[in-house]
Peer 1: 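Below: one structure in structure tokens.
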Amino acid sequence: LSVLERLTKKVDQDRRPTITFYSAAGCGKTSLAAEFPGACFIADGLDQGYAELVRNGLIKNQFDPMEASDWDSLTQVTRAIADPKTPVEFETVVFENLGGYQLHLIKKLVDEEVVRTGKSREFVTDKFMAWNMQGIKAGTGLFNDWFRTACSITERKNSAGKGLRVIFNGHSTLVKDKNPTGNPGEEFYRVDLNLHPSLQEIVHRDCDNIGWIRQRPLVIKSDNPKGTGKALADDIRELVFTASGHALAKNRWGITEAVPMGESSKEAFKNLKTAIANAKARVAKASQTQTGEGK
């Protein structure tokens, strides 16, 4: 093995890949995350999607969720789970709403600035949110420390000796990006996590797999030869791991195809497992071919 391959294997041997799912509300990211074995949700106290799914009987509440209703409680819960001395029974940790955690961070920064300066909360908040929410940059270090601690959970095992996995859920948004054509008269947008760019960079840098659940309209072909078809509904959902320029390198599984979400979360989970198995098989086959050529 090459030095790089040996280092990669050493880094990966004791941990499971982290995953981020993001989409518009109602596309199925929470339901999909709940299908992973032994899922325990870390709720932000703002997004009620998980609770509603449990109440409506659409997903099974495997473990009572933990609520992190502010930034300090989020970091405390995360550190406790990451500590090997903390006994846990669950197998999957789902951080339910990255956007909600961002709001908790903003509140913490605003509160601290109010105390430090003695200015009104309204004044500090307006200043914080000005210029595309530039005030959040003061909290990138805190977010970075939390996110890396959350990712480190994959290095430990639960009480049954099974390795823990980590899933992050977030909402999607349109983000203005660099114009690939170079034409100043055109605007280019991509779909990305609904986070400030400085926080997006941290997630894209440290998360192993980032998948976008997108909806495509169901198009019925027109009987008119000149017709182009009619979009009836946004009911074709699929999971893609090459959703943005940043995320192109965040597909450690190597899933090249769009994963259909199907008619249920169980079907979506089954399709994802199949896609992962197929990707691993392609890698193994390519490795065998290269070994044969080397001989």
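Hydrogens, waters and symmetry mates are skipped; everything else that's a heavy atom, side chains included, is used. Everything numeric in this text was worked out from a predicted model, so none of it was measured.
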Peer 1: Under a 4.0 Å threshold between the charged nitrogen and the carboxylate oxygen, would E112 count as salt-bridged to R116?
Peer 2: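 E112 and R116: not salt-bridged.
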Peer 1: Tell me whether S172 contacts the main-chain N or O of Y22 through its side chain, where contact means a donor paired with an acceptor under 3.5 Å.
Peer 2: no
Peer 1: What I want to check is whether the side chains of T78 and W146 have a donor and an acceptor closer together than 3.5 Å.
Peer 2: yes
Peer 1: I'd like to know if the side chain of E238 reaches the main chain of R214, judged simply by a donor and an acceptor atom lying under 3.5 Å from each other, with no hydrogens or angles considered.
Peer 2: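 Checking the backbone N and O of R214 against the side chain of E238, no donor-acceptor pair under 3.5 Å is found.
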Peer 1: Less than 4.5 Å apart, any side-chain heavy atom of T18 and any of N209?
Peer 2: no
Peer 1: Any luck finding a side-chain donor-acceptor pair between N271 and T274 under 3.5 Å?
Peer 2: no
Peer 1: Quick one: are the ring centres of F168 and F147 less than 6.0 Å apart?
Peer 2: yes
Peer 1: Quick check on the hydrophobic clustering: are V124 and M129 connected, directly or via other members, by side-chain heavy-atom contacts under 4.5 Å?
Peer 2: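 Yes, it is one cluster - the side chains of V124 and M129 are joined through contacts under 4.5 Å.
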Peer 1: Quick check on side-chain hydrogen bond (donor to acceptor under 3.5 Å, both in side chains): which of E35, K270, K29 does S265 satisfy it with?
Peer 2: E35
Peer 1: Does a donor on one side chain sit under 3.5 Å from an acceptor on the other, for D192 and H204?
Peer 2: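 H204 and D192 do have a side-chain donor-acceptor pair below 3.5 Å.
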Peer 1: Between L199 and L174, is there a shared hydrophobic cluster once you connect ILVMFWY residues whose side-chain heavy atoms come closer than 4.5 Å?
Peer 2: yes
Peer 1: Salt bridge check, D70 against K108: does any charged N sit closer than 4.0 Å to a carboxylate O?
Peer 2: no
Peer 1: I need the minimum non-hydrogen distance between T173 and N194, along with the two atoms involved.
Peer 2: CG2-CA, 3.6 Å
Peer 1: Between Y101 and W71, is the ring centroid distance below 6.0 Å?
Peer 2: no
Peer 1: Do R237 side-chain atoms and C27 backbone N/O form a donor-acceptor pair below 3.5 Å?
Peer 2: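 Side chain of R237 to backbone of C27, a donor-acceptor pair under 3.5 Å: yes, one is there.
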Peer 1: Would you call E91 and R156 a salt bridge, taking side-chain N to carboxylate O under 4.0 Å as the test?
Peer 2: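 Judged by the 4.0 Å cut-off on N to carboxylate O distance, E91 and R156 do not form a salt bridge.
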Peer 1: Do N144 and R148 make a side-chain contact, defined as non-hydrogen atoms from C-beta onward lying under 4.5 Å apart?
Peer 2: yes
Peer 1: Could you tell me which non-hydrogen atom of S198 sits nearest to which non-hydrogen atom of I136, and how far apart they are?
Peer 2: OG-CG2, 3.9 Å
Peer 1: Is there a side-chain contact between N158 and E89 in this structure, where contact means two heavy atoms from C-beta onward sitting under 4.5 Å apart?
Peer 2: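 A side-chain contact under 4.5 Å is absent here.
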Peer 1: I need the E67 CD to S73 OG distance, nearest 0.5 Å.
Peer 2: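 The distance works out to 8.0 Å.
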Peer 1: Compare all side-chain heavy atoms of I42 with those of V94 and state whether any distance is below 4.5 angstrom.
Peer 2: no
Peer 1: Is any side-chain N of the basic residue among D111 and K107 closer than 4.0 Å to the acidic one's carboxylate O?
Peer 2: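 A salt bridge links D111 with K107.
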Peer 1: Are the side chain of H171 and the backbone of G99 linked by a donor-acceptor contact shorter than 3.5 Å?
Peer 2: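 Not at all, since once roles are kept as given, no pair shorter than 3.5 Å links the two residues.
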Peer 1: Measure from the side-chain N and O atoms of Q62 to the backbone N and O of A34, and report whether any donor-acceptor pair falls under 3.5 Å.
Peer 2: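 Pair found, side chain donor or acceptor close to backbone of A34.
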Peer 1: Is it the case that the side chains of T154 and R16 hold a donor-acceptor pair, with the cut-off being a distance below 3.5 Å and no angle test?
Peer 2: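 No pair is found: no donor N or O on one side chain lies under 3.5 Å from an acceptor on the other.
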Peer 1: Strictly distance-based, threshold 3.5 Å: is any side-chain N or O of S159 a donor or acceptor partner for the main-chain N or O of P87?
Peer 2: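 No: the side chain of S159 does not pair with the backbone of P87.
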Peer 1: Does E113 reach the side chain of L109, with side-chain heavy atoms less than 4.5 Å apart?
Peer 2: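 In short, these two side chains do not touch, never coming nearer than 4.5 Å.
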